[in-house]
Amino acid sequence: MRGKFITFEGGEGAGKTTQAERLAKSLNNAGIETLLTREPGGTFGAEAIRDLVLEGTSDRWSGLTELLLMYAARLDHVEKLIEPALERGVWVLSDRFADSSMAYQGYARGLGKERVLAVHKAVLDNFQPDMTILFDIDPIMTMKRVETRGEDLSRFDSESIDFHKTIQQAFLDIASDNPERFVTVNADAQMDIVETQILFSIVQKYPELAGKLGDQGGGS
Ligand code: TYD
């Protein structure tokens with residue numbers, strides 16, 4: 001059976017990476033093979049594009065060039081890693097995917113929805129995640145987390161708080177445009193509570209997993 005493609009979206013420092021790792025463990029415990037990956041990146045070629053797009057000053061690329069670089073990386077990622085894994089029955093969990101292009105390049109960089117949807121269609125046709133988990137959190141909180149991580153800031157991390165507020169609102173809009181695919185979790189909560197929200201949503205969407213991922217959503 002084909003695997004499921006689940007993506008994690010939201011602003012910087014929302015805790016997506018940790019939660020993707022936790023979900024992978026829970027699924028593994030339920031006997032499901034998983035592949036954890038990220039965007040931009042995930043394959044050798046896409047990681048090289050990642051360096052191009054994340055390093056340097058904010059004005060290094062125009063919004064459209066940035067979008068095309070993201071989609072060049074994404075196509076390599078889908079063709080070489082994601083699609084073959086799904087075909088083998090593996091569940092693929094990706095830290096960001098196409099909704100990030102809509103939020104960052106479409107909304108925040110001002111390219112507009114239509115342009116991003118047109119590029120998506122041209123590159124990936126109707127390929128979309130089976131489920132997308134949106135981490136909803138106040139950008140003021142997340143910017144503090146990012147600053148205290150002690151890592152180098154990427155071109156996006158160093159944008160203004162208004163930029164990050166736009167991103168936040170953009171993701172909420174994208175979620176309401178795609179209610180069949182999106183689940184929104186309150187990422188202000190403690191990690192264990194966020195994890196519980198996610199497991200609950202997975203079981204709601206895939207009831208055959210009830211009772212296999214821990215207590216959450218098992219029903220009684
Ligand atoms: P990363 O350090 O992975 O951020 P995070 O840990 O928050 O996920 O950097 C990825 C950055 O790239 C992030 O700021 C969002 C941005 N991005 C886009 O602008 N468009 C895209 O299509 C993708 C996938 C990411």
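The figures here come from the full heavy-atom set of this structure, side chains too, leaving out hydrogens, waters and symmetry mates. Indexing begins at 1, ligand by ligand and atom by atom, following the structure's order. Not measured: the values here are computed from a predicted model.
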Notebook entry, point to check: At a 4.0 Å threshold, what atoms of ligand 1 neighbour a non-hydrogen atom of Lys16?
Noted result: 5 (P), 7 (O), 8 (O)
Notebook entry, point to check: Using 4.0 Å as the upper bound for N to carboxylate O, is an ion pair formed by Lys113 and Asp177?
Noted result: yes
Check: Between Gln105 and ligand 1, does any nitrogen or oxygen pair lie at a separation below 3.5 Å?
Finding: yes
Item checked: Protein heavy atom at shortest distance from atom 9 (O) of ligand 1 -> Leu54 CD1, 3.6 Å
Check: Any salt bridge between Arg38 and Glu47, counting N to O under 4.0 Å?
Finding: yes
Margin query: Measuring from non-hydrogen atoms of Arg50 to any atom of ligand 1, is the shortest distance under 4.0 Å?
Written below: yes
Checklist line | Ring centres under 6.0 angstrom apart (Phe171, Phe182) | finding: no
Check: How far is atom 6 (O) of ligand 1 from its nearest protein heavy atom, and which residue and atom name does that atom have?
Finding: Arg149 NH1, 4.2 Å
Check: Which heavy atom of the protein is the closest neighbour of atom 22 (O) of ligand 1, given with residue, atom name and distance?
Finding: Ser101 OG, 2.5 Å
Notebook entry, point to check: In the protein, what heavy atom is nearest to atom 23 (C) of ligand 1, and what distance, to one decimal place, separates them?
Noted result: Ser100 CB, 3.5 Å
Margin query: Going by side chain to side chain contact (heavy atoms under 4.5 Å, CB included), Phe8 matches just one of Leu134, Val185, Leu93. Which one?
Written below: Leu93
Checklist line | CZ-CG distance between Arg88 and Leu35, expressed to the nearest 0.5 angstrom | finding: 7.5 Å
Next item on the list: Start with the C-alpha distance between Glu87 and Arg2, add both sets of side-chain angles, then the distance that settles side-chain contact (heavy atoms from CB on, under 4.5 Å), and finish with yes or no.
Entry: CA-CA 5 Å; Glu87 278 171 21; Arg2 188 176 164 86; 4.1 Å; yes
Item checked: Residue pair Arg60 / Thr65, side-chain donor-acceptor N/O under 3.5 Å -> no
Margin query: Under a 4.0 angstrom heavy-atom cut-off, which atoms of ligand 1 come close to Glu39?
Written below: 24 (C)
Item checked: Exercise: do Asp136 and Gln168 side chains pair donor with acceptor under 3.5 Å -> yes
Item checked: Nearest-option assignment for atom 8 (O) of ligand 1, heavy atoms, candidates Arg96, Met102, Arg109 -> Arg96
Check: Below 3.5 angstrom, do we get any N/O pair linking Glu66 and ligand 1?
Finding: no
Next item on the list: For the residue pair Thr37 and His77, confirm or rule out a side-chain donor-acceptor distance under 3.5 Å.
Entry: yes
Note to self: Can you report which non-hydrogen protein atom sits closest to atom 25 (C) of ligand 1, along with the distance?
What the structure shows: Pro40 CD, 3.6 Å
Margin query: When you measure from the heavy atoms of Arg74 to every atom of ligand 1, does any distance fall below 4.0 Å?
Written below: yes
Note to self: Under 4.0 Å between a side-chain nitrogen and a carboxylate oxygen: does that hold for Glu9 and Lys16?
What the structure shows: no
Next item on the list: State if Arg38 counts as touching ligand 1 under the rule of any non-hydrogen atom under 4.0 Å.
Entry: no
Notebook entry, point to check: Which is closest to atom 14 (O) of ligand 1 by heavy-atom distance: Glu12, Met70, His77?
Noted result: Glu12
Next item on the list: Give the residue, atom name and distance (to 0.1 Å) of the protein heavy atom nearest atom 15 (C) of ligand 1.
Entry: Tyr104 CZ, 3.4 Å
